[in-house]
Amino acid sequence: MTWIRPRDLSANFQPDGRMMVRSISTGVGALLPSWVAGILAYCSEPRSKSDIADALGPRAIQVLDQLIEIGLLRSPEEQENEVMFNNFAGVPVHRRMLDDEIRLDAYRRAIEATVKPGDVVIDAGSGTGILALYAAKAGARKVYAIEQSDFADWIPVMAEHNGVGEIVELIRGNFGAVQLSEKADVLVTETFGAWALAEGAASELDLCIQRNLKAEASLIPSHIQLHAFGLAERPNLLLEPFRVRDDGIDLSPMRDEAYLRSENIWLEGTHHPQQIARLRLQENQLSGHIELDSPAQALALHFTLELAPSVHLPTGPHDPKTHWKQTVIACDLPSGAHPITAAPSPEDKRTLLVELGNKSYRVR
């Protein structure tokens with residue numbers, strides 16, 4: 001078992017030499033001896049008890065259980081879930097997604113084409129519950145809306161208000177850990193971020209599918225197409241903010257870090273995307289290559305969700321605009337073929353690590 005401290009931990013030293021340690025995101029805090037700061041600093045990444053004992057001595061082990069009990073140290077899994085689900089508990093996130101009519105229309109049509117009267121449906125990562133409502137309206141006998149964030153409280157309210165309160169059942173929890181009392185005919189999910197994979201939900205979706213779906217069940221979407229194309233000129237937004245400004249402030253030390261971070265941008269003009277990979281819903285890693293006809297200063301990434309045989313949801317620059325936009329990373333690549341791989345970050349599965357041109361880019 002390993003332990004890690006909350007990412008937003010802060011400490012204020014008190015007049016008596018102790019320190020007040022707080023984490024705003026988790027709501028925990030405690031007044032601690034100042035020497036405990038060494039333990040929390042050391043646990044900036046997952047550490048086992050033996051790691052802590054070897055590095056800091058037996059004194060550290062004496063307070064370890066207390067730090068765990070009050071929540072100042074937690075398992076990496078708890079940390080991951082806290083960050084992910086807190087991020088999706090707010091109105092601003094859902095406002096942006098609900099304003100994306102292209103996305104909602106495609107999902108509605110796919111659900112209507114897939115769900116048959118009497119079906120049992122899982123909405124994995126239900127959010128506001130709108131996809132669960134579509135499934136209920138399409139004739140499902142039962143819809144299990146699985147949601148872990150605090151937004152889950154709205155799902156039964158919305159279901160009752162839309163006349164399907166007897167059909168939609170809220171399951172509060174991580175859809176990767178839920179075991180239902182019956183097998184489902186359909187699973188629908190919209191758990192996709194930058195370049196589709198950045199939400200990091202594939203492994204939990206796989207567990208949910210194995211535990212809760214019939215062998216012949218349908219998935220919405222079933223597959224994800226990953227596309228990319230080169231840009232001859234780098235969009236200014238990627239690096240230009242990190243410069244010597246006209247007001248004399250020099251932000252250029254951040255430029256190298258900004259180079260390795262993605263940005264979501266609506267791109268205009270004529271482009272020629274290439275399909276890099278086609279993944280099943282449960283897959284979260286890709287390996288492919290991109291062929292550049294000319295040098296590129298940036299690479300644009302986008303995806304297509306295969307929601308149903310007759311319904312695809314593309315997010316490219318020539319498609320109707322969605323809230324995903326296109327994901328752009330800086331690069332300096334000559335013409336020719338270049339390998340490109342992607343996988344979840346070991347530190348944060350919601351961050352996608354894209355390897356390109358001997359550099360590792362963090363995509364979110």
Side-chain angles (χ1 to χ4, degrees), residues 97 100 102-103 106-107 110 124-125 187-206 209 219-231 235 238 260-267 270-293 296 298-309 311-331 333 336-346 348-364:
M97 292 192 291
D100 188 344
I102 301 301
R103 160 188 172 269
Y107 265 93
L187 179 140
V188 60
T189 188
E190 202 286 74
T191 47
F192 306 103
W195 215 21
L197 305 181
E199 287 303 336
S203 58
E204 279 82 7
L205 287 170
D206 189 34
I209 289 166
L219 303 177
I220 305 175
S222 61
H223 292 81
I224 306 162
Q225 301 171 21
L226 287 305
H227 308 278
F229 58 90
L231 295 173
L238 286 181
L260 301 175
R261 303 278 179 157
S262 68
E263 183 61 52
N264 297 324
I265 304 171
W266 276 317
L267 297 172
T270 301
H271 307 285
H272 302 285
Q274 303 170 41
Q275 182 169 306
I276 306 301
R278 179 174 182 261
L279 305 180
R280 295 181 303 122
L281 175 62
Q282 308 95 307
E283 296 179 289
N284 63 3
Q285 300 185 38
L286 69 88
S287 179
H289 74 277
I290 184 167
E291 187 78 36
L292 296 176
D293 294 331
L299 202 68
L301 315 171
H302 60 96
F303 60 93
T304 297
L305 301 180
E306 298 181 16
L307 298 175
V311 184
H312 286 192
L313 176 54
T315 64
H318 307 136
D319 302 309
K321 291 181 177 179
T322 69
H323 76 282
W324 286 291
K325 305 178 184 178
Q326 290 81 53
T327 299
V328 183
I329 57 177
C331 66
L333 296 176
H338 301 276
I340 181 169
T341 63
S345 166
D348 175 11
K349 70 177 182 180
R350 292 192 63 231
T351 296
L352 187 68
L353 294 184
V354 175
E355 305 286 341
L356 172 71
N358 297 319
K359 295 187 182 297
S360 181
Y361 296 88
R362 301 179 71 83
V363 170
R364 289 199 67 172

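Nothing fancy with the numbering, it's 1 onward along the sequence.
With sequence neighbours excluded, no residue satisfies side chain to side chain donor-acceptor pair (under 3.5 Å) with Thr322. Residues satisfying the side chain to side chain donor-acceptor pair (under 3.5 Å) criterion with Gln285, sequence neighbours excluded, are absent altogether. Partners of Ser287 by side-chain contact (heavy atoms from CB on, under 4.5 Å), not counting sequence neighbours, listed by chain and number: Thr341. The salt bridge (charged side-chain N to carboxylate O under 4.0 Å, His left out) search around Arg103 returns Glu190, not counting sequence neighbours. Every residue two or more places apart in sequence or in another chain was checked for a side-chain contact (heavy atoms from CB on, under 4.5 Å) with Ser203, and none qualifies. Evaluation of the side-chain contact (heavy atoms from CB on, under 4.5 Å) rule for Pro317 yields Phe229, Leu267, His271, His302, Gln326 as partners, not counting sequence neighbours. Residues meeting the ring-ring contact (aromatic ring centres under 6.0 Å, His included) test with Trp324, sequence neighbours left out: Phe303. Residues passing the side chain to side chain donor-acceptor pair (under 3.5 Å) test with Thr189, sequence neighbours excluded: Thr191. Under the side-chain contact (heavy atoms from CB on, under 4.5 Å) criterion, Arg278 pairs with His223, Gln225, Gln275, Glu306, sequence neighbours left out. Applying the salt bridge (charged side-chain N to carboxylate O under 4.0 Å, His left out) rule to Lys321 yields the partners Glu268; only residues at least two apart in sequence or on another chain are considered. For Asp206, the side chain to side chain donor-acceptor pair (under 3.5 Å) criterion is met by Gln210, not counting sequence neighbours.
Atom CG of Leu305 and atom OG of Ser222 lie 10.0 Å apart (nearest 0.5 Å). With rounding to the nearest 0.5 angstrom, the OG1 atom of Thr327 is 9.0 Å from the CD atom of Glu263.
Of the possible donor and acceptor atoms, none in the side chain of Tyr107 sits under 3.5 Å from a partner among the backbone N and O of Ile220.
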